[in-house]
Each structure stands twice: as C-alpha cells, then as structure tokens.
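Everything on this sheet refers to the single structure shown next.
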Amino acid sequence: MHQEIQSEVVIIGSGPAGYSAAFRCADLGLETVLIEHQERLGGVCLNVGCIPSKSLLHIAKIIKDASELSESGVFFNKPIIDIKKINNWKEKIIKKLTTGLSNMGEKRKVRIVQGKALFNTDHSVLVKNKKNDFTIFFKHAIIATGSKPIKIPSLPNEDNRIWNSTDALSLKSIPNRFLIIGGGIIGLEMATIYSALGSKVDIVDRFNAFLPSVDKDITDIYIKSIKKRFKLLLNTHVKSVEKSKDNDLIVKIAEENSDENVCCYDNILVAIGRSPNVDFLGLEKIGLKLNESGFIEINQQLKTNISHIYAIGDVTGFPMLAHKAVQQAHIAAEVISGKKHYFEPKVIPSVAYTDPEIAWVGLSEKEAENNDIDYEVSLFPWSASGRAHASNCTLGMTKLIFNKNTNKIIGGSIIGTNASELISEIGLAIEMGSDAEDISLTIHPHPTLSESISLASEVFQGTITDLLNLKKSLLN
Ligand SMILES: Cc1cc2nc3c(=O)[nH]c(=O)nc-3n(C[C@H](O)[C@H](O)[C@H](O)COP(=O)(O)OP(=O)(O)OC[C@H]3O[C@@H](n4cnc5c(N)ncnc54)[C@H](O)[C@@H]3O)c2cc1C
Ligand SMILES: NC(=O)c1ccc[n+]([C@@H]2O[C@H](COP(=O)([O-])OP(=O)(O)OC[C@H]3O[C@@H](n4cnc5c(N)ncnc54)[C@H](O)[C@@H]3O)[C@@H](O)[C@H]2O)c1
C-alpha cells in the first residue's frame, strides 16, 4: 500500500543523532517523522556499539579485578564463561534501552516509519518496507544515517571467521588465537574484552603510534600495563590471509622494513575505522554536497549546502562519538524551530574504555606546540594518591596542560580507573575558561581519584604538599 505523509521535519536514522533530534524537535512543537531502516531504534550506539561494548567491558573488568585480588589475600576460582547467558544479559540491556526510546517517541507523538529512506526531491523522501511504501513530504530534513565499518578488500571477507565490530560484540565464540587489525579505540576495547575472556590477542596497527590524539607519556603507561595481557604490534602490516588445510587462518604479518612472520589465528577482527552512510540515499539526485573525505559538508548550524536539509552525527565526520551527535542533534532541532543557535563546543572529550581507561579532552602537548602556545604540563602520578593505593590503580596518571601566559587550562588527559568519569571536570574547566587557581581552590573530596585533578593544578601553581614541591625547591 502507498501512503503519503506531510511533515514539518523528517529525520533519517534513529541513532543518538536521529532520536535526539526527533525528540528535541517534538518537544519544540514540530510535527516530526523519524525513519529507521532497522527494526529497533537506537542506531549503532545502542544496538551494536557503545552499550554492548561497555556491557562486555564491565564483565572483563570484574574478571581482571577478581584475579588481581589474590594479591590482597582474596582468592576466587577461575571464572566459568557462559557465552549464551552473557549474550542474553547483554541483549536484555539493549532491549530495555531501545524499548525506552520507542516509548519516549510515542509519548512525544513522533511518527516512526520503519524502512530505508531515499531522497526523491529536496522536499520528499521515499521509504519502503516489507508491507508499505511511503512518500514523506517535509519542510526540513535531518540526515543522521551514521557510519559503517571499513573493510580491507584484499581479505577473504566472505569467510565468517573474519569479523567486524558487530560480529565481535555478538560474542559468537571465544577464539583461542585472536588477531585484531587496527589499534584504534575499537581494537583496544575488543582486546580488553577478549583477553579477559581467555583469548590470546595480537593487535596490529600500520602506524607507529596508536590513539594519535593522546600524548606519548600517557600511551606509554598503557603499553606497560597491557604487556602481560596482549601484544600490540605497531608499524606492522597484514600482508595476506589464507586458509590452511586444517582450516586455520594463516596470516602473514610484517613489521616495517622487516621479514614476514607467519601466524595462525582462529578469528580476525578488522577495526580500521568507519565510513559514512551516504550511499543509496539519493544525495546526488538532490545535489547535496559531500566533503573531500566523503562525509556530508555542514556549517555551524548543521545545515548542508541545501539550507533546509541538515546533517548530524557520524555522517558529518570526526570525531565519531555519540555525545557529539546528541549535541549536534539538539542544535539542529533548535535552529529548525527558529532559534539562532550554533554548534561551537570548545572541546569534545574522548574515552577509550580500556583497562586502564584513557580519557582526553582539549589540546594535547603536540597540538599546543603546533599552535605555538606557550604551555606547561603538570602531572599528578596516582602512585601519590591514597585512594589509588586503596583501589589498586597506582599506575594511573592525571596530566593537565596550562597556557603559561594566562594560567588557563587548555587540555588534559587521564589514564586509570574511572578516567571516563573524571575527564568531564577538565572539560567543564576548559569550557568555563578556568585557570589553575580555580581548580586547585575547588575543594575535592578525600580520598578520591578526582583529587588528582586539583592536585595536578597545585603542581602547576607550586602549592602541592602531596608531592615534593619542585617549584618551591627551585626557588630555594
Ligand atoms: C563498537 C563500537 C563502540 C562504540 N563505543 C562508543 C562509546 O563508547 N562512546 C561513544 O561516544 N561512541 C561510541 N561509538 C561510536 C558511536 O556508536 C557513534 O558515534 C554513534 O552511534 C553515532 O550516532 P549516529 O546517530 O550518527 O549514527 P548511528 O548510531 O550509526 O545511527 C544511524 C542510523 O541510521 C540508520 N540508517 C542509515 N541509513 C538509513 C536510511 N537510508 N534509511 C533509514 N535509516 C537509515 C541506521 O540503520 C542506524 O540505525 C562506538 C562505535 C562502535 C562501532
Ligand atoms: N569509546 C569510544 O568512544 C568509541 C569506541 C569505539 C568506537 N568509537 C568510534 O568508532 C570509530 C571507529 O573506530 P575504529 O577503532 O575502527 O577506528 P579508529 O580510527 O579509532 O582506529 C583505526 C586504527 O586502525 C589503524 N589502521 C588503519 N588501516 C589499517 C590497516 N590497513 N592495517 C592496520 N591498521 C590499520 C589506524 O592506524 C588506527 O589506529 C572511531 O572514530 C571512534 O570514534 C568510539
């Protein structure tokens, strides 16, 4: 059956970008239609990204913490891993959240249409599903179609032992020998999960450094902490993947300017980045412009070159993060409703939910240097934190970067337990234009890991008493 729908706003894609835009539009009184290709709302983040990965990382952390507790005199037996039960538990979490989204959409009177959208004109889209097809006319449209994993064409991708992140999160099996190609956030998080579940994991990355936005002193701490758990091979290429007679995956791997090594694996995860979902949307037909990297080009009001069509989330480029997508969504909805708002955050935090976690926000040292900023780094090692000793995480480090001329904080990174939760204080301080004194005079509760942020500010100010005061000794 064919149906025609008239709407003020049509939103394509129901990930963090799409559902947030739809709900904000509805709350602002706009008649809203949300189109989603999949059966469930929530996009990559809820279904096959942020939430399932963090659920499995939660399990991985408990397994590791439990085994390390033997050093404190508490002994657990080796864990029994029931994949089916883990998957059911994970599925329940996802279902609860995605059902919550559907209910919130319904309460807000957002019309949800299931099917794949294709622009017909610059004021209408066609949507088809198994039962119906629709023509939806709109005054404004928001494209929030997200991204998909990049494949390596030379691999035998039809072999179901070669996984992408969705396969890895579906926890089909726990490989004995697991190769991860790509040492980015996905590769590192999956290595954390699978090594805790018992796989022998190797990660290869073709570049010399991993997490390029993080300073080396922080990534060096990470490398030290993972040494006993898995191998991270940098500057290394996968030359070929073949099947052996006994059905192993035989992989030829070579470090730059070195001979090839031949290794056997049960499964391979390819995690070398993601590309925007811009194909089959009919964008050429309406003349919508992509940038050189293939993402949709937008301005600070999230408008594309067709001013009543907006784009938000992963489809607009880096950083590809859910919290960026949600902020963009709110701004796009507000602009459509007539507000003069702009997407202009000073900083967007990033987190690798590895063990230990790594979180960073604002400028790195490299970036401060490249911007010719006269900066000073201030470090607080967690080996000087009572709480870190009590919580067995003394390897951690809090690093702040200050502008020496203004004393204002311009960046920071944290490695250690709960870095993902701690980093927001630094983000807020940068957004508020705080200086070192603002941070160090804000009384932090003791004993907490959050104290490390005010203590690192005290290091900068030369008022620290929890460490030797190097600035004071220089004065004497
Ligand atoms: C394994 C993994 C872990 C991650 N962990 C984190 C994390 O911890 N924190 C974080 O911030 N980010 C994380 N991310 C990234 C995060 O998932 C994305 O940044 C986020 O989902 C982007 O939201 P989005 O709404 O732009 O797109 P998506 O979530 O990709 O949603 C796009 C939606 O559009 C739909 N769609 C596409 N084309 C059409 C069409 N033509 N018609 C109708 N519907 C269509 C898709 O089906 C999809 O549901 C992770 C990603 C992965 C893969
Ligand atoms: N915690 C989080 O916020 C989180 C978690 C997962 C994913 N994500 C998002 O998902 C996106 C995709 O993640 P990702 O890890 O796939 O991409 P990524 O861009 O973070 O990392 C890809 C890595 O693969 C390497 N690489 C590229 N081609 C290679 C090749 N041929 N051989 C070996 N190595 C190669 C790169 O050097 C890089 O280190 C990221 O942009 C990230 O923002 C975020």
Side-chain angles (χ1 to χ4, degrees), residues 11-21 34-54 56-57 98 113-119 125-129 142-155 164-166 168-169 180-190 193 203-213 233-238 253 269-283 311-326 328-329 348-354 357-359 420:
I11 294 157
I12 307 174
S14 75
Y19 78 72
S20 307
L34 175 63
I35 308 168
E36 173 53 56
H37 168 51
Q38 301 291 340
E39 297 290 331
R40 287 202 298 213
L41 303 186
V44 167
C45 184
L46 265 74
N47 293 289
V48 292
C50 324
I51 300 305
S53 60
K54 268 75 248 177
L56 297 179
L57 281 159
T98 54
V113 175
Q114 195 267 316
K116 200 158 193 169
L118 169 75
F119 281 96
V125 287
L126 304 175
V127 184
K128 246 188 186 167
N129 63 32
I142 302 180
I143 303 170
T145 49
S147 64
K148 56 181 178 300
I150 296 173
K151 290 183 179 174
I152 301 179
S154 59
L155 297 193
N164 60 24
S165 56
T166 302
L169 288 173
I180 297 178
I181 307 178
I185 300 196
I186 293 184
L188 297 172
E189 290 187 355
M190 295 297 182
I193 294 168
I203 311 183
V204 295
D205 199 290
R206 66 178 170 177
F207 290 118
N208 194 12
F210 66 105
L211 302 183
S213 315
L233 307 157
L234 299 178
N235 235 340
T236 302
H237 290 254
V238 168
I253 293 173
L269 164 65
V270 178
I272 60 163
R274 296 177 65 85
S275 63
N277 286 326
V278 287
D279 309 324
F280 314 113
L281 267 173
L283 299 183
I312 54 177
D314 279 11
V315 77
T316 63
F318 297 103
M320 290 199 227
L321 296 171
H323 40 282
K324 179 202 85 173
V326 171
Q328 286 185 326
I348 301 173
S350 293
V351 178
Y353 294 82
T354 42
E357 291 183 346
I358 310 172
S420 57

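Just so you know, ligand 1 is whichever comes first in the structure, and atom 1 is the first atom listed for that ligand.
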Could you tell me which non-hydrogen atom of Ser147 sits nearest to which non-hydrogen atom of Asp314, and how far apart they are? OG-OD2, 2.8 Å
Say whether Val44, considering both its backbone and side-chain N or O atoms, lies within less than 3.5 Å of an N or O atom on ligand 1. yes
For Gly146, counting its heavy atoms only, list the atoms of ligand 1 lying under 4.0 Å from any of them. 26 (O), 27 (O), 28 (P), 30 (O), 32 (C)
Close N or O approach (Gly42, ligand 1; < 3.5 Å): no
Name the closest protein heavy atom to atom 21 (O) of ligand 2, giving the residue it belongs to and the distance to 0.1 Å. Gly184 CA, 3.2 Å
Please give me the minimum heavy-atom distance between Pro319 and Ile348, naming the atom from each residue. CG-CD1, 4.1 Å
May I ask you to identify the nearest protein heavy atom to atom 34 (O) of ligand 1, giving residue, atom name and distance to one decimal place in Å? Gly13 CA, 3.2 Å
Return the closest protein heavy atom for atom 6 (C) of ligand 2 as residue, atom name and distance. Ile186 CG1, 3.3 Å
Could you tell me whether ligand 1 has any atom less than 4.0 Å away from a heavy atom of Ile186? yes
What's the shortest distance from atom 34 (N) of ligand 2 to any protein heavy atom, and which residue and atom give it? Arg206 N, 3.2 Å
Looking at His37 and Thr145, would you say the former's side chain and the latter's main chain have a donor-acceptor pair under 3.5 Å? no
At a 4.0 Å threshold, what atoms of ligand 1 neighbour a non-hydrogen atom of Tyr353? 8 (O)
Using a 4.0 Å heavy-atom cut-off, which part of Ala144 comes near ligand 1: side chain, backbone, both, or neither? backbone
List the closest protein heavy-atom neighbour of atom 39 (C) of ligand 1: residue, atom name, distance to the nearest 0.1 Å. Thr145 CG2, 3.7 Å
Quick check on contacts: which atoms of ligand 2 are under 4.0 angstrom from a heavy atom of Leu321? 3 (O), 43 (O), 44 (C)
Looking only at distances, can you tell me whether any N or O atom of Ala17, backbone or side chain, sits closer than 3.5 Å to an N or O atom of ligand 1? yes
Within the 4.0 Å heavy-atom shell around Tyr353, which atoms of ligand 2 are there? 1 (N)
Do any nitrogen or oxygen atoms of Glu36 lie less than 3.5 angstrom from nitrogen or oxygen atoms of ligand 1? yes
Got the closest protein heavy atom to atom 31 (O) of ligand 1, with its distance? Gly15 CA, 3.5 Å
Does some non-hydrogen atom of Gly115 fall short of 4.0 Å from ligand 1? yes
Closest non-hydrogen protein atom to atom 6 (C) of ligand 1, residue and atom name please, with distance? Cys50 SG, 3.3 Å
Are any non-hydrogen protein atoms located under 4.0 Å from atom 25 (C) of ligand 2? yes
For ligand 1 and Ile12, I'd like to know whether there is a polar contact (N/O to N/O, distance under 3.5 Å). no
Nearest heavy atoms of Thr236 and Leu234, plus distance in Å: OG1-O, 2.6 Å
Enumerate the atoms of ligand 1 whose separation from the nearest heavy atom of Cys45 is less than 4.0 angstrom. 17 (O), 21 (O), 29 (O)
May I ask whether Pro319 places a heavy atom under 4.0 Å from ligand 2? no
Closest non-hydrogen protein atom to atom 42 (N) of ligand 1, residue and atom name please, with distance? Ala117 N, 2.9 Å
Check each atom of ligand 1 against the heavy atoms of Gly43 and keep those under 4.0 Å away; list them by number with element. 29 (O), 31 (O), 48 (C), 49 (O)
Please confirm whether Lys54 comes under 4.0 Å of ligand 1, counting heavy atoms of the residue only. yes
Go through ligand 2 atom by atom and flag the ones less than 4.0 Å from a non-hydrogen atom of Phe207. 37 (O)
Should Asp314 be counted as touching ligand 1, given the test is an N or O pair under 3.5 Å? yes
Gly313, any N or O under 3.5 Å of ligand 1 N or O: no
Atom indices of ligand 2 within 4.0 angstrom of Ile181 heavy atoms, with elements: 32 (N), 33 (C)
If you scan protein heavy atoms around atom 11 (O) of ligand 1, the nearest is Ala322 N, 2.9 Å
I need the atoms of ligand 2 closer than 4.0 Å to a non-hydrogen atom of Arg274, numbered in the order shown. 10 (O), 11 (C), 12 (C)
Does even one non-hydrogen atom of Phe210 get within less than 4.0 Å of ligand 2? no
Are any of the N/O atoms on His37, whether in the backbone or the side chain, positioned under 3.5 angstrom from an N/O atom of ligand 1? yes
Contacting atoms of ligand 1, where contact means under 4.0 angstrom from a heavy atom of Ser53: 3 (C)
If you count the atoms of ligand 2 from 1 in the order shown, which ones are under 4.0 Å from a heavy atom of Val351? 1 (N), 2 (C), 3 (O)
Contact check, Lys324 vs ligand 1, heavy-atom distance below 4.0 Å: no
Which atoms of ligand 1 are found less than 4.0 Å from any heavy atom of Gln38? 47 (O)
Just jot down the ligand 1 atoms closer than 4.0 angstrom to any heavy atom of Leu281, in number order. 41 (N)
Please identify which atoms of ligand 1 are closer than 4.0 Å to at least one heavy atom of Met320. 15 (C), 19 (O)
Is the side chain of Thr316 donor-acceptor paired with the backbone N or O of Ile312 at a distance under 3.5 Å, no angle test? no
